[in-house]
Undergrad: 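My questions all concern the structure below.
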Amino acid sequence: MKLLASDGLLARPARIWTREKLTYLRKYATAFMTAMAKKPGPGQWERLVYLDFLCGPGRDIDTDIDEEFSGSPLIALAIEPHFDHLYLADKDSKNVEALEARISVADKPRVTLRTGDCNLIIDNVLKSISGRTLGLAFIDPEGFEVDFATLAKLAKRRIDLLYLFPSGIGVKRNLKNFLAVPESPMDRFWGGKDWRDLPEARRAAGTSQEEDPGKIVQSLVSAFRQKLREVGFTHQDGAAPLFTNTRNAQMYHLLYLSHDEIGLKIWRGIKKISPGGQRPLPGIG
Ligand SMILES: C[S@@+](CC[C@H](N)C(=O)[O-])C[C@H]1O[C@@H](n2cnc3c(N)ncnc32)[C@H](O)[C@@H]1O
């Protein structure tokens with residue numbers, strides 16, 4: 001069933017963890033822009049951009065409490081100081097149409113909005129930003145939509161990344177099925193077949209005695225972070241916020257990845273307060 005927001009346009013159904021992840025985005029983007037928009041020194045960056053290639057329609061509705069709020073692209077557009085440019089995309093043209101209608105005339109010149117697959121869109125966007133651009137990417141999939149190669153491309157540029165890693169809901173839940181077939185969506189997502197050697201994979205295959213589910217998810221997150229370190233994201237949060245559902249099942253980790261100490265320091269600063277004070281989030285990684 002189509003979900004409509006109060007403006008009559010398409011909205012995304014959301015839950016409590018949606019608001020939590022978006023609170024982290026709002027806080028980090030604000031702190032990032034406040035720090036970076038100060039006049040840079042010679043030879044430093046010339047432009048500050050935001051990238052969101054799975055951006056949704058721009059409005060979310062928490063269906064549990066019937067509360068409406070801005071999605072990631074509208075949050076990023078409202079950040080002060082303003083990003084110089086925002087590169088937004090979604091595979092679903094209906095989301096893109098709804099978002100386009102929500103972007104004000106005043107904001108339109110600083111937005112590039114496309115319909116398409118994030119794993120293809122990225123090449124065009126990276127071509128159009130110079131090596132002297134500093135960026136923040138928010139990559140927010142539901143599951144396995146984003147290829148590891150796409151994250152690796154971001155790692156080659158001066159871009160901080162907030163990535164919603166589907167540790168519990170995606171990887172852990174599907175591992176057994178993926179192991180049963182020679183090719184699976186996990187291969188592109190993970191960037192190879194080495195995931196088959198992980199403790200969790202061995203457990204799913206029945207060849208390991210490891211039984212602690214928390215430990216197993218942690219091993220997945222650590223292994224993925226290590227791969228991201230190898231492609232260039234040298235500065236990472238080792239205690240990524242973990243989102244659980246209302247039955248306390250582990251769902252996602254919000255990975256923070258950067259190339260420098262300043263970004264990581266800013267992230268650690270904003271992370272000290274849990275999102276909206278709603279509930280404390282455990283962090284593992
Ligand atoms: C979790 S939602 C994003 C929500 C959004 N960040 C927000 O705050 O409302 C994921 C979005 O990715 C889109 N999507 C799925 N696969 C995609 C792909 N391969 N490339 C680009 N967008 C994709 C979906 O249409 C959906 O809108």
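Basis for what follows: all heavy atoms, side chains included, without hydrogens, waters or symmetry-related copies. Ligands are counted one by one from 1 in listed order, and the atoms in each one are counted from 1 as well.
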Undergrad: Would you find a donor on one side and an acceptor on the other, under 3.5 Å apart, between the side chain of Asp84 and the backbone of Val49?
TA: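 Absent.
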Undergrad: Can you tell me if Asp90 uses its side chain to pair, donor with acceptor, with the backbone of Asn95 under 3.5 Å?
TA: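 No; zero donor-acceptor contacts below 3.5 Å.
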Undergrad: Would you indicate which of Asp90, Leu88, Ile75, Leu54 comes nearest to atom 26 (C) of ligand 1 when only heavy atoms are counted?
TA: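 Answer by nearest heavy atom: Asp90.
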Undergrad: Under 4.0 Å, counting heavy atoms only: does Cys55 come that close to any atom of ligand 1?
TA: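 Under 4.0 Å: yes for Cys55.
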Undergrad: Quick check: does any side chain N or O of Ser222 sit under 3.5 Å from a backbone N or O of Ser219, one acting as donor and the other as acceptor?
TA: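 Checked: no pair found.
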Undergrad: Any idea which part of Leu164 is under 4.0 Å from ligand 1, heavy-atom wise: side chain, backbone, both or neither?
TA: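 Neither; nothing of Leu164 gets under 4.0 Å from ligand 1.
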Undergrad: Mark up the atoms of ligand 1 that fall under 4.0 Å of a heavy atom belonging to Leu22, in ascending order.
TA: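 Counting from 1, the qualifying ligand atoms are 8 (O).
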Undergrad: State the atoms of ligand 1, each with its element, that fall below the 4.0 Å cut-off from a heavy-atom position in Gly56.
TA: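 Close to Gly56: 27 (O).
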Undergrad: For atom 16 (N) of ligand 1, what's the nearest protein heavy atom and its distance?
TA: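 Protein heavy atom at minimum distance: Glu145 CG, 3.3 Å.
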Undergrad: Give the atom numbers and elements of ligand 1 that come within less than 4.0 Å of a heavy atom of Glu142.
TA: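 The list of qualifying atoms is 1 (C).
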Undergrad: Between Asp140 and ligand 1, does any nitrogen or oxygen pair lie at a separation below 3.5 Å?
TA: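 Indeed, backbone or side chain, Asp140 has an N or O that close.
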Undergrad: Look at the side chain of Arg157 and the backbone N and O of Ile129, then say whether any donor-acceptor pair between them is shorter than 3.5 Å.
TA: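 Checking the backbone N and O of Ile129 against the side chain of Arg157, a donor-acceptor pair under 3.5 Å is found.
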Undergrad: Please answer whether the main-chain N or O of Ala155 pairs with a side-chain N or O of His259 as donor and acceptor at a distance below 3.5 Å.
TA: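 Yes, the answer is positive, given that a donor and an acceptor are paired below the 3.5 Å cut-off.
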Undergrad: Tell me whether the rings of Phe144 and Phe189 are parallel (<30°), tilted (30 to 60°) or perpendicular (>60°).
TA: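 The arrangement is perpendicular - the two ring planes meet at more than 60°.
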Undergrad: So is Asp117 polar-close to ligand 1, meaning N/O to N/O under 3.5 Å?
TA: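 Such a contact does occur with ligand 1.
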Undergrad: What is the distance from atom CG of Leu264 to atom CG of Asp160, rounded to the nearest 0.5 Å?
TA: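 Here the interatomic distance stands at 9.0 Å.
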Undergrad: Of the protein's non-hydrogen atoms, which lies at the shortest distance from atom 9 (O) of ligand 1, and what is that distance?
TA: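 Answer for atom 9 (O) of ligand 1: Asp60 OD1, 2.9 Å.
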Undergrad: Show the atoms of ligand 1 that are less than 4.0 angstrom away from any heavy atom in Gly116.
TA: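 In order of numbering, the contacting atoms are 20 (N), 21 (C).
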Undergrad: Of Phe224, Phe165, Phe233, Tyr163, which is the lone residue that meets ring-ring contact (aromatic ring centres under 6.0 Å, His included) with Phe148?
TA: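 Result: among Phe224, Phe165, Phe233, Tyr163, Phe224 is the only option passing the ring-ring contact (aromatic ring centres under 6.0 Å, His included) with Phe148.
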Undergrad: Should Asp52 be counted as touching ligand 1, given the test is an N or O pair under 3.5 Å?
TA: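 No: no nitrogen or oxygen of Asp52 is under 3.5 Å from one in ligand 1.
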Undergrad: Considering only heavy atoms, does Lys91 approach ligand 1 within less than 4.0 Å through its side chain, its backbone, both, or neither?
TA: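 Both backbone and side chain of Lys91 come within 4.0 Å of ligand 1.
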Undergrad: Within ligand 1, which atoms have a heavy atom of Asn95 less than 4.0 Å away?
TA: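 Listed by number with element, the hits are 25 (O), 27 (O).
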Undergrad: Salt bridge check: are Asp60 and Arg19 linked by an N-O gap of less than 4.0 Å?
TA: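 Here Asp60 does not pair with Arg19 in a salt bridge, since their nearest N and O are not under 4.0 Å apart.
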Undergrad: Can you tell whether the side chains of Lys193 and Glu183 come within less than 4.0 Å, N to carboxylate O?
TA: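 Yes, this pair counts.
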Undergrad: Please state which protein non-hydrogen atom is closest to atom 21 (C) of ligand 1 and give its distance, to 0.1 Å?
TA: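 Result: Phe53 O, 3.2 Å.
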Undergrad: Looking at Asp92, which atoms of ligand 1 are within less than 4.0 Å of one of its heavy atoms?
TA: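 Taking each heavy atom of Asp92 in turn, ligand 1 has 25 (O) under 4.0 Å.
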Undergrad: Would one find an N or O of Cys118, backbone or side chain, under 3.5 Å from an N or O of ligand 1?
TA: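 Yes; the residue has a nitrogen or oxygen that sits under 3.5 Å from a nitrogen or oxygen of the ligand.
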Undergrad: Counting heavy atoms only, which part of Ala14 comes closer than 4.0 Å to ligand 1: side chain, backbone, both or neither?
TA: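 It is neither; nothing of Ala14 touches ligand 1.
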Undergrad: Answer yes or no: is there a donor N or O on one side and an acceptor on the other, between the side chain of Gln236 and the main chain of Arg225, under 3.5 Å?
TA: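 Yes, the answer is positive, given that a donor and an acceptor are paired below the 3.5 Å cut-off.
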Undergrad: How far is atom 8 (O) of ligand 1 from the closest protein heavy atom, and which atom is that?
TA: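 The answer is Ser72 N, 2.8 Å.
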Undergrad: Are Leu151 and Leu120 connected into the same hydrophobic cluster when the rule is that any two of I, L, V, M, F, W, Y join if their side-chain heavy atoms are below 4.5 Å apart?
TA: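 Shared cluster, no.
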Undergrad: Which ligand 1 atoms are under 4.0 Å away from a heavy-atom of Gly71?
TA: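 Result: 7 (C), 8 (O), 9 (O).
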